[in-house]
Novice: 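Below you'll find the structure I mean.
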Amino acid sequence: MLQLSMNLPSMVNNPELWNAVLSRDASRDGSFVFAVRSTGIYCRPSCPARRPRREQVQFFRLPEAAEQAGFRACRRCHPRRVRNHPEIEMVRSVCAAIDENDEQPLTLENLNANTGLSAHHLQRTFKVVMGITPRQYAESRRLQQFKANVKSGASVTEAMYDAGYGSSRGLYEKSSAHLGMTPATYGRGGRGMRIIYTIANCSLGRLLVAATERGICSVALGDSDAELAQGLFAEYPSASIDSKDTEISPALNLWLNQVLEHLNGKSPRIDLPLDIQATAFQWRVWDELRQIPLGATRSYQEIAKAIGKPKAVRAVARACASNHAALVIPCHRVIREDKNLGGYRWGLERKRKLLETEGSPLTS
């Protein structure tokens with residue numbers, strides 16, 4: 001049996017890992033990923049993107065570990081597609097099994113049967129790679145689902161049971177450590193979040209772009225500034241929201257211009273950092289939506305099949321409806337099987353105009 005814990009390097013202040021990143025060493029792809037705090041993105045060592053400052057970088061052994069810490073996969077180097085050490089691949093398969101069975105959590109015995117490993121070896125290897133146990137990983141996923149449910153409008157009680165908690169005791173015991181606040185406080189919109197926004201004119205009416213220091217948290221379309229601002233304040237009722245901020249404004253203006261250039265046909269896609277609360281399932285749907293090329297559409301059924309959940313058509317539709325970043329996550333490119341438009345939270349006429357501008361064939 002390979003002694004994984006002895007062979008893997010330390011992930012903290014390791015000059016060897018940083019040198020591999022600086023040299024874009026492709027031979028290290030699969031042995032670790034590096035994440036950038038300022039963008040919220042993680043990459044493989046050979047990623048062609050510009051190198052960040054060292055103080056902004058954090059190392060992880062697995063993509064799943066980076067995502068566990070709140071980072072998102074780079075869309076240029078696709079770090080999830082790299083093959084890893086066999087035992088690391090085993091840990092990734094365990095993570096995938098936990099993610100896919102979030103409604104009915106797997107026991108350690110189930111995971112043992114799936115991997116063919118003893119409970120002791122599975123638990124030990126998983127913790128060496130991820131830094132936490134399978135139970136802790138599953139619990140963090142459950143908390144992420146709870147948070148997303150509350151933010152999407154569910155009551156604390158509804159969100160608790162939908163996330164798989166049998167009672168409030170287990171949720172409240174873990175909320176201080178993982179949420180940084182009680183579930184009820186989170187349900188009131190959170191505290192200490194700083195958001196700035198700007199509103200501009202565009203071909204579809206008025207366009208709002210809002211951001212935190214980590215990335216875009218809202219892109220919305222509407223008919224009036226008051227309507228858009230009211231929607232943002234309702235979405236984040238306890239956050240500190242302003243239309244001016246000297247630290248974030250330069251990035252916000254740049255992101256606004258990228259969205260406007262896309263709408264004006266000067267850019268085929270929008271690649272911006274996102275800071276949006278979502279479940280693992282929602283991110284899988286949204287990532288698939290961002291793969292739809294300009295001028296094309298997909299049905300809800302096709303998206304469900306593409307993410308490996310062919311029966312989850314309604315869940316895919318709900319994920320599209322819960323998108324808070326219009327255009328950046330192009331949910332307007334998803335239509336019904338019969339080519340009807342389906343729904344769009346910013347209005348069907350805007351959806352029709354977007355698709356016509358992009359050159360997508362429509363029947364109704």
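Remember, predicted model here, so these are calculated numbers, not experimental data.
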Novice: Using 0.5 Å steps for rounding, measure from the CZ atom of R80 to the SG atom of C74.
Specialist: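 R80 CZ to C74 SG: 13.5 Å, rounded to 0.5 Å.
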
Novice: Within the side chain of K351, is there an N or O that forms a donor-acceptor pair under 3.5 Å with the backbone of I335?
Specialist: no

Novice: With the side chain counted from C-beta on, respond yes when L341 and L355 share a heavy-atom pair under 4.5 Å apart, and no when they do not.
Specialist: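 L341 vs L355: side chains touch.
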
Novice: Apply salt bridge (Lys or Arg N to Asp or Glu O under 4.0 Å) to R50 and list each qualifying residue two or more places apart in sequence or on a separate chain.
Specialist: none

Novice: Distance check, rounded to the nearest 0.5 Å: R54 atom CZ versus Q56 atom CD?
Specialist: 10.5 Å

Novice: Between R28 and A20, which heavy-atom pair has the shortest distance, and what is it?
Specialist: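 Shortest heavy-atom separation between R28 and A20 comes out as CG-CB, 3.8 Å.
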
Novice: In Å and rounded to the nearest 0.5 Å, what is the NZ to CG distance from K353 to L348?
Specialist: 15.0 Å

Novice: Just verifying a value: how many Å separate R206 CZ and L221 CG, rounded to the nearest 0.5 Å?
Specialist: 11.5 Å

Novice: Heavy-atom distance under 4.5 Å between the side chains of H332 and W346, does that happen here?
Specialist: no

Novice: Going by the rule side chain to side chain contact (heavy atoms under 4.5 Å, CB included), which residues pair with A312 if we only count those two or more places apart in sequence or in a different chain?
Specialist: F281, K309, A315

Novice: So do L62 and V33 actually touch side chain to side chain, heavy atoms under 4.5 Å?
Specialist: no

Novice: Among I216, N264, L327, which one satisfies side chain to side chain contact (heavy atoms under 4.5 Å, CB included) with V259?
Specialist: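 Result for side chain to side chain contact (heavy atoms under 4.5 Å, CB included) with V259: L327.
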
Novice: Taking salt bridge (charged side-chain N to carboxylate O under 4.0 Å, His left out) as the cut-off, I'd like each qualifying pair that reaches into residues 270-283, sequence neighbours left out, listed once.
Specialist: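 Every salt bridge (charged side-chain N to carboxylate O under 4.0 Å, His left out) pair that includes a residue of residues 270-283, provided the two are not neighbours, is R269-D271.
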
Novice: Compare all side-chain heavy atoms of L274 with those of I329 and state whether any distance is below 4.5 angstrom.
Specialist: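 SC-SC contact between L274 and I329 confirmed.
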
Novice: Could you check whether atom CD of E227 has more than 12 heavy atoms from other residues, nucleotides or ligands sitting under 6.0 Å from it?
Specialist: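 Check passes, neighbour count above 12.
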
Novice: Report yes or no: do V313 and I307 belong to one cluster of Ile/Leu/Val/Met/Phe/Trp/Tyr joined by side chain heavy-atom distances under 4.5 Å?
Specialist: yes

Novice: Might you point out which heavy atoms bring F34 and R44 nearest each other, and give the distance in Å?
Specialist: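 F34 and R44 have their closest heavy atoms at CE2-O, 3.2 Å.
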
Novice: Within this structure, what is the CD-CZ distance for the pair E16 and F59, rounded to the nearest 0.5 Å?
Specialist: 10.0 Å

Novice: For N323, is there any backbone N or O sitting under 3.5 Å from a side-chain donor or acceptor partner on R345?
Specialist: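 Side chain of R345 to backbone of N323: a pair is present.
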
Novice: First locate atom CG of L204, then atom CG of D223, and finally report the distance between them rounded to the nearest 0.5 Å.
Specialist: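 With rounding to 0.5 Å, CG (L204) is 10.5 Å from CG (D223).
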
Novice: Please list, chain by chain and in numerical order, all residues satisfying salt bridge (Lys or Arg N to Asp or Glu O under 4.0 Å) with R75, sequence neighbours excluded.
Specialist: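 If we apply the salt bridge (Lys or Arg N to Asp or Glu O under 4.0 Å) test to R75, skipping adjacent residues, the hits are D287.
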
Novice: Examine distances only and state if a side-chain atom of W255 and a backbone atom of P273 form a donor-acceptor pair shorter than 3.5 Å.
Specialist: no

Novice: For R76 and P48, work out which heavy atoms get closest and say how close.
Specialist: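 Closest approach of R76 to P48: NH2-CG, 3.7 Å.
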
Novice: Test your reading of the model: is there a side-chain donor-acceptor pair from R318 to the backbone of Q282, 3.5 Å cut-off?
Specialist: no

Novice: Under the ring-ring contact (aromatic ring centres under 6.0 Å, His included) test, which residues partner Y300, sequence neighbours left out?
Specialist: none

Novice: Are D29 and R81 close enough for a salt bridge, meaning some N to O gap below 4.0 Å?
Specialist: no

Novice: Locate the shortest heavy-atom distance separating I195 from C217; write the atom from each residue and the value.
Specialist: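 That would be CG2-SG, 3.9 Å.
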
Novice: If you look at every heavy atom in L289 and C320, which pair is closest and at what distance?
Specialist: CD1-SG, 4.0 Å

Novice: Could you tell me whether a side-chain N or O of R298 sits under 3.5 Å from a main-chain N or O of I303, the two making a donor and an acceptor?
Specialist: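 Flag not set: sc R298 to bb I303 has no pair under 3.5 Å.
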
Novice: Is there a continuous path of hydrophobic side-chain contacts, each under 4.5 Å between heavy atoms, that joins I41 to I270?
Specialist: no

Novice: Excluding sequence neighbours, so at least two apart, what forms side chain to side chain contact (heavy atoms under 4.5 Å, CB included) with S23?
Specialist: D25

Novice: Quick check against the 3.5 Å criterion: does R194 have a side-chain atom that pairs as donor or acceptor with the backbone of D242?
Specialist: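 Side chain of R194 to backbone of D242, a donor-acceptor pair under 3.5 Å: no, none is there.
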
Novice: Over all heavy atoms of both residues, which pair between F71 and V36 is shortest? Give the atoms and the distance, please.
Specialist: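 Looking at all heavy atoms of both residues, the closest pair is CE2-O, 3.5 Å.
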
Novice: Given side chains that start at C-beta, do those of P330 and R290 come closer than 4.5 Å, heavy atoms only?
Specialist: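 Side-chain contact under 4.5 Å: yes.
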
Novice: Between R333 and E358, does at least one N-O distance fall below 4.0 Å, as a salt bridge requires?
Specialist: yes

Novice: Are side-chain N/O atoms of Y42 and Q58 paired as donor and acceptor at under 3.5 Å?
Specialist: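 No, no side-chain donor-acceptor pair sits under 3.5 Å.
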
